[in-house]
Each structure stands twice: as structure tokens, then as C-alpha cells.
S.K.: 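Before we start, here is the structure in question, set down as C-alpha cells.
Note that the structure is predicted; figures quoted are calculated from it, not measured.
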Amino acid sequence: MPEVSVVVIVYNDADRLPTAVESVLSQSLRNVEVVIVDDCSTDGSYDVARSLASRDPQRVGAHQLPSNSGGCGGPRNHGITKARGRYVMFLDSDDVLEHDACRNMLEAADRTGADLVSGLCVRVYTDSRNGKTSEWYPWLYDRTRTVDSITELPDLFVFDTLSTNKCYRREFLLENNLEFPVGIHYEDLLFSAQAYLAAGRITLIPNWVYSWNVVEKTANASISNRRSEINNFVHRLEIHRRIDALLDERGLSALRHHKHVKFLKHDLMLYMRDLPFLNEEYRDHFSEMVREYLDGMPPELYDLLLPIHRICALLLVRDDWANLMPAIDTLLNRNKLSSPLVERDGRVFWCSEHLDDPLARSILDVTDEGYHSKALTKLFLRNTLTRYEHRDGVLLLGGRIVNPLGRISPDAQLSARIELGARRRSLQTFRFPVRQVRVDGDGIEWQAVVDLRRRFHPVGVVDNVWDIAVLLTVDGEETRTRLSTGGMQLEDSLPVLPRLTRFTADRLRPEVSVKGHLAFVVTAERPAARRTQELVGKGIKTPAGRVAISTIRAARKAKRELSSHESKVRLYHEMTRRLPVRKGTVVFESHMGKQYSDSPRAIYEELRRRNVPITPIWVYSQSTAGFPKDVELVKRWSWQYLRALAQAEYWVDNQGFPLDFGKRPETTYVQTWHGTALKRMGFDEPNQKLLDAAGRKKFQNAIDRFDHFLVRGDHDMRTLVRAFNVPAAKVLRSGYPRNDALVHQAQEDERFGAPQRDAQIQALAERLGVPEGRKVLLYAPTFRAAPDGEVKRFEFPFDVDRFADRFGDRYTLLIRTHYLNNVVLPPSVRGRVIDVSDEHDVTPLYRLADGLITDYSSVMFDYSLLNRPMVFYAYDWHEYAEDLRGTYFDLREQAPGPFVESEGELFDTLEDLATVATEWAGVRQRFAKEFGECDTGSAAEQVVDAVFGQEGTR
């Protein structure tokens, strides 16, 4: 008797069936049988099955259904009745089992006594040139685990609904009468649900067991992918209803809750994406079924969806197609803003309809998406095609671009141009002017005449697909938009003249991309052009053609490798060996190129003030905005960056140049560091202690590059210097150059008996919109990451609206998140709470602020120099203090200001900030002395003297 029976089902797949069967017969577990069930094929598949059985009758059996069942359920059920093994698996004729699949699953079943064992399925894209694969819900299979009930692992029930990556105890199937439904698609969903619910024990193994072969570019979509057929959705919905009934029957409401969420996030959205391309009859039938199915679903399910998912679901249920179609555009293009939005009561909503309903109002609230606060250049605006005509090779186009919240005013300076670019990278791009562009309410109307006869000449062979974009310029700032067709009927193809003449191609055919955007395809309609295309196609398949293609691919691979991290590190070190040092060259970098700020800025400005003869180079990571205009700027990790570092006489930064870049002896590295330490740093961190010898050596080598390490006093010597193993000879007890301005500001404040604002700070206040005479509070929390370590959007730990309502007439609150976080403020607090996170340098903000609210950020050490009131809002102190990284001292005991842990305490403290200023003055002074004893206002001068000599005038 076989240990495992593998039921292989086939229908009109004679060519691939032998490969599937061979993947079973060649299993490392030899005692396996193959049960082939042909679903009444018409192409000779059954003859192939019988031939395979005749070669190995002991291990292969061939069976045929008398008539086609129309799906996978019938042949699989028949296979179960013919199986003899202790365990049963299912395999489709176009897929294969991995070599050790049966052995791994059988061993797990015998070891754990499981009724059902499931392993990792991998989708293999057989038409991919690069061996593309994707794992099927891999997080379920990151380790071996066994559960006694599917309720212990709802994600398995909800996500992995395949029947083919599993091994079932045959007696378990028979005892529970487990069969696939027949005559309905998506039979796997129901069968898997029944099996999961019936299983007394389920084991998951992290092994790759099943290869699901996928052909992406095919004209014949599989049954499950024929979503343009309404019956496809009818069947899927019916399967979901049957599963719901099973769960209700067993009283498993929590499991049904998980399944509903998955239906809303996945199943429903899958079909939603196709709605713009389907007819009205389909849409009406679809929406009617969805409304009926969603009726009665708990409203709280919407909270678990992405904003655009719940917006689409709501608008579909409300039968609001006018707002739904644009929303689906955002569903297809996640970053696109497809609605002009509306502001009500200080909140931003997707549309103005349905806002009288509390549930709809909550769902349509997109304030937290931050559309209202993003620069136009960072918004991907919907551009709906409103006109498409062509006459003798001239395109007449028109469109309407979303104008979010009317931000583009009628008197704005507008211009636009159309860009036709080859989808294949590094090829041609053609541009055409847009003649008419104007603001029209909540949209930007434009019209263009695109003469393709004279100005569009593709090569005609390698550049067959062309994307079209409209580049809109508003008051000098440009944003790129794509043309959403919105279901518009596009006319027939138009003539085109390629560079290789019309013998290669002669027509340009409009088409709609998978994202719903207008594109064009260069095609051949004339017989001569078609013959040329055929010859090119055949030529590619010849030995010479294959060599040419291989050469091109090798060149592209070489280009990618040249841009890799390893190649750049290698080239950098080659430069340090071959290129001379450029005397007087100083490379400045602050926070890995994100800012023109901090101590590197202060040192640079001191050098400039003294007219020291240097060649400054500033590093930027993304944008050059805010950096000096009169210096050389290089982008981090660019070739220019590598060369600048390799040849510089001086490096100055506050965080760390790339760890892999060694420093030549002729280069002097000034490490200013970026803050006094509360949390443990360097080799004191637990993660560093876990490094192996090679990892610790690499980290130490990076630190050993420092020639000067700036400190503020004894605390830094006990913490940073010791934790980084910096030799005492390299330590410069100068204080931080960035703090010189704070020391001078404190002296001015003391002289006049109150915080002062000079012309620079007054100009800053005006630019930020701080009302004249209004006091300013700065809220600067420390960095926070998501539980998985990912950078996340900052969420206020107090109600910002309540703060604005209570204190808005007394204080303007400036919010500055850590440079790795970002924040979105609702319009309701506009003018009373201001996001200053994009300000390059925080020092002027310190000087502007009459008080500081922070938590555990190192800003406390710098701000204390001003001797202005500080409040420590430590709402998650216990979580922070218990972090494995640990702290150098207990902030609760040494905080130079009130230590509060709730919103109520915070607000009550702010009510009397004058008392905080007075009563805590002595503590602040002692705190500043303890942690910044070297900050005397001359740090920049000391660094320039010590590092660059006495050149220039003071």
C-alpha cells in the first residue's frame, strides 16, 4: 500500500501532464502512487495518462470522467475514491511537486498525528526571463507549528485557501465526507474551510512543497481570473455564503469576522479594480450582489481596512458611481489623489456626499492621509481624459486634472506639456506643448494638439510601447500626471512614421494599461511591415539573435552591478589609491544628507566668516532645497559623492559616513556627533553586544576613522567616548558648535530679563505664521518606530484639537518630529499648531520657542542652555524604560522640569508655565552645567582653531 496518493487532475493539457506526473514519481519518498483523473479531455490527455500508467502500472493509475465536470471538484472527488495511500495530496497537471514534498509532509504528519499538513506554495512565473517567483503567504510558513484547532490560527483559514499544498489523512477525508463542490468555481475555498474546521490537528511546515506555475502573458485566462464574467463573481460569492453558513452553524463568530475582513480587503477589491473597464449591466448586477452580501456586516470591520478600501466599499454600497470611479483609480494607483476633496469642520473628506451619516463621515475622513499638507510636487493627481480624437496623424486631447481643495488658484501661473516616453528604459522621449490650461473650480482643464506626423518618430522595433503623461507646472513647480481613460472609447489606430521607415511599423494603436492609463503601441498593419516584424521575431530566435539579446542583457546586468553597493565601495577604495587629495576640500554632511544643519553647519559658517580658504562640498540625500547655493552639492551615494570623499582633505559630519568607506591617512575626520546620550549607545547597546567578532571589528574600524570627536563634558566622556572606544587623544572638549547660538541667546535673555527675538528669529516667526506677540511652544518628541522596526507616521499622544482649543489664543505650538518620522496635522488646528519638521536646522526653533515639550529626546540637553521652561511628557515611560537598550540615568529623577504621563497632567502644567519657568530655574541650570559644561559659546571657534589652524580673521 502506498504511503501517499497524489491525485493529478487534467483537462486538455496533454503536453504538461507528463512533467507533473514525473514530479511525483521522482519524489524522494518512493512509496507514492499517482492517480490521474482526466476530466473528459478532447486533446488526447487521457491517451497520455494511459500511456504513463502502462509504463508503471504499480504506481500510476489512469481514470476518466464520462463527461466534463466544468471544474476541479469532480475529478478530485473521483481521485479520492481511487486513492489507496494513507495520505492524499492534489496536483494540477500544469504544476509540479517539489522533490521532498511527500517525505516532508508525511514525516510531519506521522510525528504530530495531524489530520492535515500544509507546506509552502511558491508561484513560479514560467514566462519570466528572470526566474520570477513569489511565495504564497510566507509568514504562515516561517517555522514548523501545530495547532489543535483552526481557531488558534485564523490567518491560515482566511489566507491559505489552497487545497494543493496540503497532505490529508485519507481516513480523515472519508470519515468527514469531505468533498469538493461540483458545478461551481472556487471549490478550493469551500473544501479548505471544511477541512480546516474538521481537522483535529493541523501542522504547518516551512518547506517548499508545491510549485504553482503561472503564465502572466496569456490570452486564455484561467477560470478564477475571468473576472469580467459576472458568473465568476456569482460563484465566488456563493462559496463565501456557504463558508459563512458553516461558521454560523459552529458558532465561530470570531473566525467569520476575520474572513469578512479578508473578503473586504482582497476578494471585493480584486473585482473592484476591473469595474471601470466593464459595462453598466455588469456594474449594476455586481453592486446589487455586493450590497446584499455586505448588509448587516459590523461597521467596525471598516476600521481594519486601508482608507481607500473602505471608501470604495462604502461608495459601492451607496451606489455612488460618480465618486466611486475616481476612488477605484486610487485603488489601482495607490499614491494617486483622484478626488478634489472637501474640508468640513477642520477635517478633510474624500467627497461632500454622505457626510450627514456618522459611519460614512468616519469612512470618508482622509485627514490623516495628509493630502492637504503635501506639496503639489509630491501629489500624484488624477488626470481624466475628456477628449480623444485624431485626424491624419494629429491627436486632439483634452483632460481635467484634480485641484485638491482648490489649492491651485485661478491667478496661478500655469503651463503644461505632454510627454510620450518609451516604456523600455533609456530610449526616446518626445515632448509637446499644451496650448490651453486653466483653473475650472475643482479641476484644471487642458487642451492639446499633438502632431505625431512631424515630431514623433519611434525606432519602430525595440520601442513598441509608449506611455503618455501630462506635466503640469504651477507657479514654477512641476507635477507629473498620467491620463486615466475612465472607460472612454478610444478610436482606431493612427499612422506613425518610425525612424526605420514604415517597413518596420506603420500604426500607433491606443490601449489602456493595467493601471487604467492611456498608452500607445507601435504596430504593423501593412503586409510589408508585418513581414518585417515577423522577420525581426524570427531573427531574435536565431543563434545570432540570441547572442545579441544575451549581449544586451549582460550589458544591463553589468550596469546594475556597477551601481551596486559592493561595486561603489570597491570603486571608492580604488579612488583613494589612485586619486590625489584635493587640498582645502571639506565634505560636510548632516544627518546622512537630509539637512543643512547642526554642528557641521556651524563649523562651515565659522570657516566662511573667517574667510578660511576652503573648497566646501555639502552632501544631500534627496532634495537640494535649503542647502547653500554657492557651494558644490553632491548626492549621497552618487559617483560624485564617492570621489568627493575619496579626495577630501577634511570630513565633517554628525552621524557617520558609510561604514564601508575607509579613510585615507591624509584626510582629517571631524565627528561632531548629534546629541548627548540618554539611551545606551555604541558597544553599550545590546544589539552591538550580540555581534560576532567580525561585526564588532567592522563597527570599531568605522569609529577608528575619527580624528576628532566633539564632546560637551564629563557625561559624554563617561558615555559616548567610552561606548565608542574613542581614544582620549581624539576627544575635543569644545562643546557642540551648534549650541554656540543658544549660549549667546541665553546671555541676551539674561541681559534683558526675558526671551529675546532678534531679526533672524522674528523673520522665522513671520515665515511660519506665528502671530505677533504670541508665545511659542516647541514639541519635539524622540524617534518612534513600528513594532517591526519600520519607520512610522507620528501619532499625537494627546488630542491636538483639544490643545488648540484650550491654548490656541496663548501659544502657537510648533511640532517637530524626528527626521525619520513625519506628522499630519488636521486643518482644524491651522495657524495654532504648525509642523516645522521640514525646517533644516532646529537651533533657530529653540531660540524662537518660549518653552519646550519633549519626552526622551536629546533636545533636552541643548534646550537647557537657554534656561527656558521644559515639560517632559513621558506618556509611555514604562515601555521606554523597559526597552532592552536601557538608559544611562533615570530621567524621572533628573528631568529639569515637570515629568508628566497623561494628557490631563500635561495641559494642567501648561496652564501655569510661568511657575515652571521660575520654580525649575535652578534645576535647569544645574542640568545644563552637568551635561553641557563645555558649551561656552565658542565651540565653532575652538574646532576651527584646532582642526583648520589660525587662517582667516576672527
S.K.: Could you list the residues that satisfy salt bridge (charged side-chain N to carboxylate O under 4.0 Å, His left out) with R509, not counting sequence neighbours?
M.R.: E511
S.K.: Before you tell me yes or no, could you show the steps for Y141 and S118 under side chain to side chain donor-acceptor pair (under 3.5 Å), namely the whole-Å CA-CA distance, both residues' side-chain angles and the distance that decides it to 0.1 Å?
M.R.: CA-CA 9 Å; Y141 298 98; S118 189; 2.6 Å; yes
S.K.: Would you please indicate yes or no on a ring centroid separation below 6.0 angstrom for Y282 and Y271?
M.R.: no
S.K.: According to ring-ring contact (aromatic ring centres under 6.0 Å, His included), who are the partners of W136, at least two apart in sequence or on a separate chain?
M.R.: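 Only W212 meet the ring-ring contact (aromatic ring centres under 6.0 Å, His included) criterion with W136.
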S.K.: Does D95 form a side chain to side chain donor-acceptor pair (under 3.5 Å) with T164? I'd like the steps, not just the answer.
M.R.: CA-CA 10 Å; D95 300 331; T164 48; 5.7 Å; no
S.K.: Just wondering, are more than 12 heavy atoms of other shown residues or ligands nearer than 6.0 Å to CG in D492?
M.R.: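 12 or below, so no.
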S.K.: With side chains defined as the heavy atoms from C-beta onward, is the minimum distance between L197 and F157 less than 4.5 Å?
M.R.: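 Yes, their side chains come closer than 4.5 Å.
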S.K.: By ring-ring contact (aromatic ring centres under 6.0 Å, His included), which residues pair with Y87, not counting sequence neighbours?
M.R.: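 Expected list: none.
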S.K.: Output all residues satisfying salt bridge (charged side-chain N to carboxylate O under 4.0 Å, His left out) with D100, sequence neighbours left out; order by chain, then residue number.
M.R.: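 D100 satisfies salt bridge (charged side-chain N to carboxylate O under 4.0 Å, His left out) with no residue once adjacent residues are dropped.
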S.K.: Once salt bridge (charged side-chain N to carboxylate O under 4.0 Å, His left out) is applied, what residue pairs with a partner in residues 169-197 remain, sequence neighbours excluded?
M.R.: R76-D188, D115-R169
S.K.: According to the salt bridge (charged side-chain N to carboxylate O under 4.0 Å, His left out) rule, which pairs have a member within residues 189-201, sequence neighbours left out?
M.R.: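 Listed by first then second residue: D148-R201.
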S.K.: Is there any salt bridge (charged side-chain N to carboxylate O under 4.0 Å, His left out) pair reaching into residues 45-54, and which pairs are they, with sequence neighbours excluded?
M.R.: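 Qualifying pairs: D47-R50.
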S.K.: Return the set of residues passing salt bridge (charged side-chain N to carboxylate O under 4.0 Å, His left out) with R291 (not counting sequence neighbours), or none when no residue passes.
M.R.: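 R291: salt bridge (charged side-chain N to carboxylate O under 4.0 Å, His left out) contacts with D319.
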S.K.: Excluding sequence neighbours, so at least two apart, what forms salt bridge (charged side-chain N to carboxylate O under 4.0 Å, His left out) with D15?
M.R.: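 Expected list: none.
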S.K.: Tell me which pairs pass salt bridge (charged side-chain N to carboxylate O under 4.0 Å, His left out) where either residue lies in residues 245-272, with sequence neighbours left out.
M.R.: R236-D267, D244-R256, D244-K259, D248-R256, K262-D267
S.K.: Could you pull out every donor-acceptor pair under 3.5 Å between side chains of residues 19-26 and any protein atom, sequence neighbours left out?
M.R.:
from, atom 1, to, atom 2, distance (Å)
S23, OG, A20, O, 2.6
S23, OG, L97, N, 3.1
S26, OG, E22, O, 2.7

S.K.: I'd like to check the ring-ring contact (aromatic ring centres under 6.0 Å, His included) partners of H517; sequence neighbours left out, ordered by chain and number.
M.R.: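 For H517, no residue satisfies ring-ring contact (aromatic ring centres under 6.0 Å, His included) once neighbours in sequence are set aside.
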